[in-house]
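As a basis for the values below, the full set of heavy atoms in this structure was taken, side chains included, without hydrogen atoms, waters or symmetry mates.
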2 protein chains.
Amino acid sequence: MRTDDTSGPAEQPPSTGQEHELPAVVQRLWGDTAPRRRGPKPALSAARIVRAAMELADAEGLAAVSMARVAEAVGYTPMALYRHVSGKEELLILMSDAVAADLPEIPAGADWRAGLEAWTRAQIDMALTRPWMLDLPLSATPPGPNRVRWMDQAFGVMREVDLPADEKLAVVGLLAQHVLGEARVHVETHRAAVHKVRRDAGLPDDTPESELDPAAIHAADPYADFEVVLGRYAGPDTYPHIFASFASWSGPAVDGPGDDDIAFGISVVLDGLEAYLRRRGAITPQSS
Amino acid sequence: MRTDDTSGPAEQPPSTGQEHELPAVVQRLWGDTAPRRRGPKPALSAARIVRAAMELADAEGLAAVSMARVAEAVGYTPMALYRHVSGKEELLILMSDAVAADLPEIPAGADWRAGLEAWTRAQIDMALTRPWMLDLPLSATPPGPNRVRWMDQAFGVMREVDLPADEKLAVVGLLAQHVLGEARVHVETHRAAVHKVRRDAGLPDDTPESELDPAAIHAADPYADFEVVLGRYAGPDTYPHIFASFASWSGPAVDGPGDDDIAFGISVVLDGLEAYLRRRGAITPQSS
DNA sequence: CGTTTTAGTGTGCGCCGTAAACAGTATGTG
DNA sequence: CACATACTGTTTACGGCGCACACTAAAACG
């Protein structure tokens, strides 16, 4: 994280045409690379490195993505990576944009609400397919071309919503935020279940999930743990309201929830957004 | 030691003391420690370790919390910590509960909506005060006494909402999820601003924020970066809808947003929840 | 051609989390 | 009382991490 090229005050020589030189990460993100003039042709490339890193993350999780492992995967020395990527942080940033390469298909005739729902679900699905996405420390991540494409798609869905650009941005931001939250809850619940199954089976913590009984994972209920813990350590005097609420509870409803907790969150947020849009006069009253 | 008791339903034999031994982390979380009978009195304690770790995180961020640094802070060898905490993971789990020690005050007369809003805001404020909270890898974290206290408070606020316990749990979960998302956005925006100021000033990346110009940080506008990047690399042909929306945009509204983006998210979610509660007949029509 | 720029390698440093063997101390029990 | 036992904190060491730095080899320019 040293690597700050300039010694002294960061002053760019005002030499060439483009003033203001964007940060190197941003340039790399947008494929803005100066053409090479001398030296051996590069055999490696940032794209290949990123692809290898993603395959590693898919297979073994983000923790397995170390510079050494990635280098091994592409068949080079660890230090070779640094010719194409400024460091691990940049590699992760490139991954976080590359993961958003595929745009979802959204039905052409969808109105704003159906469109945004499809958009949100697609993004949640993507996160569940590549859970390591949620482990990326995405702080201070500049926007890359793929993420912006998703944004553009959302703006397209809201084509007929009469709202200033910055408010549309806030709407998209809120949905994106919900996506991450929802996905995180699911992924973490799943991980907890896997963890528990491993523990119960007495297997080491690095046993890959593929060697575990899927049925057992599915059956591992985090709420049951919660109840056990409360039962052991707490009582109505310590947590009166929780106990009161659960005392008058007849058990889970007959219609199993299944994936519907995702639907719950989305519908609440969209209902809230609809109220907001109506209040702002951004949609016609009969819309949706 | 852990028979694989998958056979048979989860039935609690009404037998003697504790069967079923909860995981050590959970026991430690709830202060369930067997009394010591022999050996020297411990000079260290898990509580002291956790406190030191939190002070370190407050001062220098979660990345500064290493076993060595924490040990140094409490004045012991790194390995001494392992007598009180099973490893770093457990330390982080203890921190994540300890951080929720202080309950917010919620006005007594508040109805469900005002109450939940206060609850949510308090939690967002807490996260902004201790941003490292969001860096905790909270996967598979069992609930601790402090977090459950927050939950109980939320259940208390919803005292008069007529909803089954599991649905109330879903409501609390949705709000908690929103809290994390909202806080994360703010913290990351802030970090990006700090990062940018440091870069522009040519300072090394590990310069503490306290040595930076607060005004410059406040002025660093992430949206401006966004516009610059789009202006440089993209055009109406690549992202038609975004450009269309921003083309017919008159600039930010006069009434500055200030902290109101927090209000936006909360109001949307609460509006959505209100619609949900009404649909379920959980609140009286004139309520709120 | 020599010069210069670049791609990938080899070595090594300082940090990390933690396993294992150990010394010292308080509490059992005879 | 002495001794066994259980417990705390230390020492030492290991493998892994990200990455700085000095190097060799290769391609393109003058």
- Between CZ of Arg36(A) and C1' of dA26(D) the distance, given in whole Å, is 14 Å

- Query: Once each nucleotide of nucleotides 8-18 of chain C is scored for protein heavy atoms under 4.0 Å, what B/S/- sequence comes out, 5' to 3'?
  - Reply: BBBB----SSB

- side-chain hydrogen bond (donor to acceptor under 3.5 Å, both in side chains) against Arg28(A), all qualifying residues, sequence neighbours excluded: Glu90(A)

- Arg38(A) CZ to dC29(D) P, straight-line distance once rounded to whole Å: 7 Å

Mind listing the side-chain donor-acceptor pairs of residues 217-229 of chain B below 3.5 Å, one per line with the distance, residues two or more places apart or on another chain?
{"residue": "Asp221(B)", "atom": "OD1", "partner": "Tyr223(B)", "partner atom": "N", "Å": "2.9"}
{"residue": "Asp225(B)", "atom": "OD1", "partner": "Lys196(B)", "partner atom": "NZ", "Å": "3.0"}

- Report the residues that fulfil side-chain hydrogen bond (donor to acceptor under 3.5 Å, both in side chains) with Trp30(B), sequence neighbours left out, ordered by chain and then residue number. none

- Which ring pair (Phe, Tyr, Trp, His ring centres under 6.0 Å) pairs, counting each pair once, include a residue from residues 39-80 of chain A, with sequence neighbours left out? none

- Tyr239(B): partners by ring pair (Phe, Tyr, Trp, His ring centres under 6.0 Å), with sequence neighbours left out: none

